[in-house]
Number of protein chains: 2
Amino acid sequence: MLFHFRNIFPQLNPYWDKYLPFQKRLEIPPKTILLDEGKVSENYFFIEKGCVRLYFNNNGSDNTVQFFFENEGLTSLDSFLNNTPSAFSIETIEPSVIYQLPKKHVNKLMEELNNEPGFTKMMMQVMSTRQTHYINEFVSIIRDTPEQRYQNLLNNKPHIIQRVPQHYIASYLGVSTVHLSRIKSKLAKGKLHF
Amino acid sequence: MLFHFRNIFPQLNPYWDKYLPFQKRLEIPPKTILLDEGKVSENYFFIEKGCVRLYFNNNGSDNTVQFFFENEGLTSLDSFLNNTPSAFSIETIEPSVIYQLPKKHVNKLMEELNNEPGFTKMMMQVMSTRQTHYINEFVSIIRDTPEQRYQNLLNNKPHIIQRVPQHYIASYLGVSTVHLSRIKSKLAKGKLHF
DNA sequence: TTGGGACGATAACATATGTTATCAAGTTCA
DNA sequence: TGAACTTGATAACATATGTTATCGTCCCAA
């Protein structure tokens with residue numbers, strides 16, 4: 001949400017640079033938990049190398065909300081802003097290199113940015129982009145069948161399918177691993193006709 | 001999103017009052033469309049009396065995203081802010097009295113508010129509340145069965161069930177009217193045992 | 001006043017999806 | 001190298017949900 005916007009709003013780059021030294025570099029294996037559902041989000045994460053997912057528990061199994069890759073930043077926003085227990089967990093999928101910036105520094109950065117003209121506009125743009133993203137996911141889950149959602153993923157974000165183990169894809173699409181296998185097999189058969 | 005906050009941030013009330021004369025009062029029957037999916041959202045609506053729903057089309061049938069009642073305001077936010085085609089339609093459910101404020105006035109109001117200290121913070125709070133709401137809906141649709149979602153509605157927002165025709169409830173829960181009938185009948189039978 | 005439309009319940013059937021179990025291939029690590 | 005784990009495919013069965021059709025009630029407008 002913040003370091004995303006390095007180079008997108010170049011006049012703000014000095015601010016990002018000033019805070020780089022406060023980040024902690026983590027080299028961590030797959031399935032390392034960065035934030036545990038129910039805890040308050042205390043850090044902002046930025047991915048240098050690897051791959052991470054945001055997910056929530058669902059009677060023992062889990063559902064993935066979003067995947068994150070190199071040069072993307074994330075946190076559990078609601079928890080981070082409002083100090084409420086996070087509805088989501090965050091964990092690595094691959095061996096990863098993560099930069100971790102504690103909340104107190106982010107807050108300080110935000111205060112400094114408040115004096116920068118255009119900051120409100122930028123924040124509204126950022127928040128509105130996020131909101132649009134969630135709304136689209138929301139609509140897609142209701143409107144599209146799992147098969148259509150898989151096709152969308154194939155068309156729009158093939159790197160996710162190539163890179164992420166299939167059971168995480170299933171948990172992202174909201175179906176069982178068995179059913180995702182069925183979908184793939186059905187699509188494969190369909191293609192043979194052409 | 002705006003007039004919601006009358007009296008919640010009292011120091012801003014003069015601003016709201018200043019813009020009240022620009023609103024147009026509409027007295028309209030049920031099923032009146034206030035915004036059509038695909039069009040750009042040009043107005044902010046405030047409900048004096050009646051009931052309205054935000055929904056999107058889904059191969060001929062439709063899904064309701066949210067219901068709005070007296071003293072609530074709404075628009076299709078993404079479309080309103082970014083001048084993009086709205087993903088949603090808005091229509092009345094009951095005979096309603098609606099105040100309609102054109103976008104140019106809202107924009108002017110926003111510019112004036114920019115000079116008010118605390119405005120950025122308020123906007124972030126507003127946006128983050130909205131986002132939390134969508135995230136919760138999103139999680140609920142994935143995690144909860146339609147039956148659980150109906151129970152949640154009964155427990156948390158019984159006024160909706162009392163007031164809104166059942167087929168809209170079904171379209172909100174994301175099930176067919178037939179299945180919602182099944183759910184109700186099942187719950188009714190369950191209750192007889194006690 | 002009446003006839004059509006809106007609303008809701010229910011049955012019968014079709015389809016989508018979950019669950020459990022089994023098998024196979026690839027990877028990791030002691 | 002071999003055991004344990006991860007990943008993925010598939011079959012068989014169970015359950016959830018959609019679709020279509022029918023019926024009854026209520027209400028409003030011609």
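In this structure, B/R163 places its CZ atom 15 Å from P of C/dC7, rounding to the nearest Å. One interatomic measurement links the two molecules: CG of B/N58 to P of D/dG18, which rounds to 11 Å at whole-angstrom precision. Atom C1' of nucleotide C/dG18 and atom CD1 of A/I183 are separated by 12 Å, given to the nearest angstrom. In this structure, the CD atom of B/Q162 is 18 Å from the C1' atom of C/dG8, given to the nearest Å. If you measure from atom CD of B/E147 to atom P of D/dG18, you get 13 Å, rounded to the nearest angstrom. Regarding B/L173, its CG atom lies at a distance of 13 Å from the C1' atom of D/dT17, rounded to whole Å. To the nearest angstrom, C1' of C/dG8 lies 20 Å from NZ of B/K186. If you measure from atom CZ of B/R149 to atom P of D/dT17, you get 11 Å, rounded to the nearest angstrom.
Note on B/H167: every side-chain N or O is 4.0 Å or more away from OP1 and OP2 of C/dA6. Side-chain N/O atoms of A/H179 include none lying less than 4.0 angstrom from OP1 or OP2 on C/dA16. Regarding contacts with the backbone of C/dG8, every side-chain N or O of B/K184 stays at 4.0 angstrom or more from both OP1 and OP2.
Of the two residues contacting DNA chain C, namely B/R182 and B/Q166, the nearest-nucleotide position lying further toward the 5' end is that of B/Q166. Each of B/V178 and B/Y168 was assigned the nucleotide of DNA chain C with the nearest heavy atom; the assignment lying further toward the 5' end belongs to B/Y168.
Salt bridge annotation for A/E27-A/R25: present, with a cationic side-chain nitrogen under 4.0 angstrom from a carboxylate oxygen. A/E70 has a carboxylate O that lies under 4.0 Å from a charged side-chain N of A/R163, or vice versa, which qualifies the two as a salt bridge.
Counting only N and O atoms by type, the side chains of A/T75 and A/S41 include a donor and acceptor under 3.5 Å apart. B/E48 and B/Y99 are linked by a side-chain donor-acceptor pair at a separation below 3.5 angstrom, with hydrogens and angles left out of the test.
When all heavy atoms are compared, the tightest approach of B/L187 to B/Q151 is CD2-NE2, 3.4 Å.
Here D/dT7 is the nucleotide among D/dT7, D/dA9, D/dT10 with the atom lying nearest to any side-chain atom of A/K31.
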